[in-house]
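Values in this document were obtained by computation on a predicted structure and should not be read as measured data. Naming convention: chains lettered A, B, ... in sequence-line order (proteins, then strands); numbering from 1 in each chain.
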Amino acid sequence: MAAQVEHLKWIQGTNFMVDGFNFQSPRCRSYFLTHFHSDHTTGLRKNFCGGVIYCSEITAVLLRKDMGMPPERIIPLPMDEPLEIDGVTVTLIDANHCPGSCMFLFQLPYKAASPSSPRVILHVGDMRWHPRLGRHPALRAVKVDLLYLDTTYASPKHVFPCQEDAIAEIVRLMRKERPGTLFVVGSYHIGKERAFLGAAKALGWKVWCNANKKKTMKMLRLPEADMALLTTVQTSAQIHVTFMGQGLQPEALEQRISGSKWSHVVAFRPTGWSFRKSGGLDVRKEGNVTIYGIPYSEHSSFLELRDCVRTLRPSRIIPTVNVTNDPATARAIVDRFADLMDLSRDKSRLDVYFKPKARKAQQRLLAYIAASRGLSCKRAADMSPPAQLAKKQLSIAGFLKRKVCA
DNA sequence: GCGATCAGCT
DNA sequence: CACAGCTGATCGC
């Protein structure tokens, strides 16, 4: 979850906001949306009037047809084409996260930036890094000063295979099942499409999804051949697509095959969190229901993050995910992350912010910082009671920044 | 009472 | 724990 913290949304030195629709300001008339997931559209409604919204063409279709936003507020931008907005050169680069997702590369004019402030800024939104991104002409042409990074898996324990291998694993598991088995693949409103389409393609099977999901998928400009795999007639498909939440509960799966021609149901939960270091399968069996966790991820693994940072060599990084967590995660970002990413401490800095109203997490983070920087826990706890922390957001953020980056 | 926001859960 | 997104509680009007 991208934390709802204003510092992570403003692009420094500009009047631009990225995925920050809940932070309206007269200073900002230009909003940028990286992709159409609800935690990035927080504060955005169809009658949003904070300013114009720049996004990819696919995201623009979703804003119009799925959210019902009037087209005149939306400015769809093509990928890979530098354009000037308010004197800043903006380039959209595919973020390899979900359909329509993009990163924004901002290049500020020299005159606007003071020598110490960043001139080249990359906000990745949510991203799955791939070595090919390091060869992208727009990225090769610049030296990134400031990188807003999707640090969802910013710890060395998060290793998982590429998507192709994760899909191959789904296919292998489907092939070895007995006849009469229905397969169910979990999905989000947008996302995980390659997991079920890839498996269906490999096996030559049809995919059922409900009418809503099909309607959404029509907006994603998927290849004709992929769309042809879809059917809304349940009995003609051996693979069903369902929402990752309730749809993958054993009771819901049981329900799905009760009274049907299927005797068993095997479901797949495609998420990076399901990776097992032991190499063993993440599997849950209950009667005629089997649920596999598949390490199919739409965020970068730790090694991919490291490759990203080593390729781009940014002067500074602002983590946008996982900044609200417990002491162990804070340590991962502040210490281990910096070490393993091979950043030189004098030239690079990691800014750590926290969610103003995440009271428990906030207190734990303060306690951790106090402990690790030689302050007493008591002192940190005494600084402000939780209710006042929200009001003191700026000064506390400053405190954290000084302490963590010292 | 309503919409917005948030913690908690999966 | 996190993902994305739902639910129910709480806040402000």
Side-chain angles (χ1 to χ4, degrees), chain A residues 1-6 19-24 34-48 50 62 66-67 95-101 125-128 149-160 163 166 185-193 195 212-213 216 241-253 267-275 282 284 291 293-302 305 319-333 337 354-365 368 386-387 389-391 393:
Chain A
M1 162 90 65
Q4 297 302 325
V5 180
E6 192 163 357
D19 298 346
F21 305 96
N22 48 342
F23 299 108
Q24 289 182 44
T34 60
H35 64 292
F36 196 70
H37 276 160
S38 64
D39 52 331
H40 290 256
T41 59
T42 306
L44 188 58
R45 280 145 288 125
K46 61 180 171 187
N47 52 352
F48 178 80
L62 290 161
D66 202 90
M67 186 177 274
N96 192 33
H97 173 66
C98 68
S101 68
D126 279 0
M127 167 193 67
R128 177 135 194 198
L149 187 62
D150 167 13
T151 45
T152 298
Y153 294 117
S155 164
K157 68 181 176 211
H158 293 131
V159 281
F160 39 73
Q163 289 183 351
V185 182
S187 147
Y188 296 134
H189 181 51
I190 294 151
K192 313 294 184 187
E193 289 81 6
N212 267 342
K213 178 73 177 167
T216 308
V241 174
T242 180
F243 179 67
M244 288 260 256
Q246 309 92 302
L248 284 188
Q249 297 304 305
E251 310 77 51
L253 294 165
F268 300 90
R269 180 185 299 278
T271 166
W273 303 110
S274 62
F275 181 77
D282 173 11
R284 216 178 127 191
I291 304 169
I294 298 292
Y296 173 97
S297 174
E298 292 182 334
H299 295 268
S300 312
S301 71
F302 180 75
L305 277 179
T320 60
V321 183
N322 254 336
V323 298
T324 68
N325 267 333
D326 59 12
T329 313
R331 188 187 305 118
I333 289 183
F337 193 78
F354 63 95
K355 204 170 180 172
K357 288 177 187 169
R359 295 170 187 182
K360 264 193 215 164
Q362 213 171 53
Q363 287 175 319
R364 290 203 303 261
L365 188 55
Y368 163 68
L389 283 178
K391 291 176 191 160
Q393 177 187 348

Given atom CD of Glu298(A) and atom P of dA2(C), what is their separation to the nearest angstrom? 18 Å
Rounded to whole Å, please give me the gap between CZ in Phe23(A) and C1' in dA4(B). 14 Å
How would you label the contact of Gln249(A) with the nucleic acid (heavy atoms, under 4.0 Å): base, sugar-phosphate, or nothing? sugar-phosphate
Please confirm whether the backbone N or O of Gly125(A) pairs with a side-chain atom of Asp19(A), one donor and one acceptor, at under 3.5 Å? no
Please work out which of the three classes, parallel, tilted or perpendicular, describes the rings of His35(A) and His97(A), given edges at 30° and 60°. perpendicular
Can you check the Asp39(A) CG to dC6(C) C1' distance for me, whole Å? 13 Å
Taking only residues two or more places apart in sequence, or in another chain, which ones meet Tyr188(A) in a ring pair (Phe, Tyr, Trp, His ring centres under 6.0 Å)? none
Rounded interatomic separation in angstrom, taking OH from Tyr188(A) and P from dA2(C): 12 Å
Rounded to whole Å, NZ of Lys192(A) lies from C1' of dA4(C) at a distance of 9 Å
The side-chain contact (heavy atoms from CB on, under 4.5 Å) partners of Pro295(A) (sequence neighbours excluded) come to Phe160(A), Pro161(A), Ser274(A), Phe275(A)
Check whether Ser101(A) reaches the backbone of Met127(A) with its side chain - one donor and one acceptor, N or O, closer than 3.5 Å. no
Any side-chain N or O of His37(A) less than 4.0 Å from the OP1 or OP2 oxygen of dC6(C)? no
Select base, sugar-phosphate, or nothing to describe what His35(A) touches, counting heavy atoms under 4.0 Å on all strands. nothing
Between P of dG3(B) and NZ of Lys46(A), the distance in whole Å: 13 Å
Whole angstrom is fine here: how far is it from CZ in Arg128(A) over to P in dA4(C)? 14 Å
Using OP1 and OP2 only, check whether a side-chain N or O of Ser38(A) sits under 4.0 Å from dA4(C). no
Nearest whole Å is fine: how far is dA4(C) C1' from Tyr296(A) OH? 15 Å
Looking for any heavy atom pair under 4.0 Å, which part of the strands does Arg45(A) touch: base, sugar-phosphate only, or nothing? sugar-phosphate
Taking only side-chain N and O atoms of His189(A), does any of them lie within less than 4.0 angstrom of OP1 or OP2 on dC6(C)? no
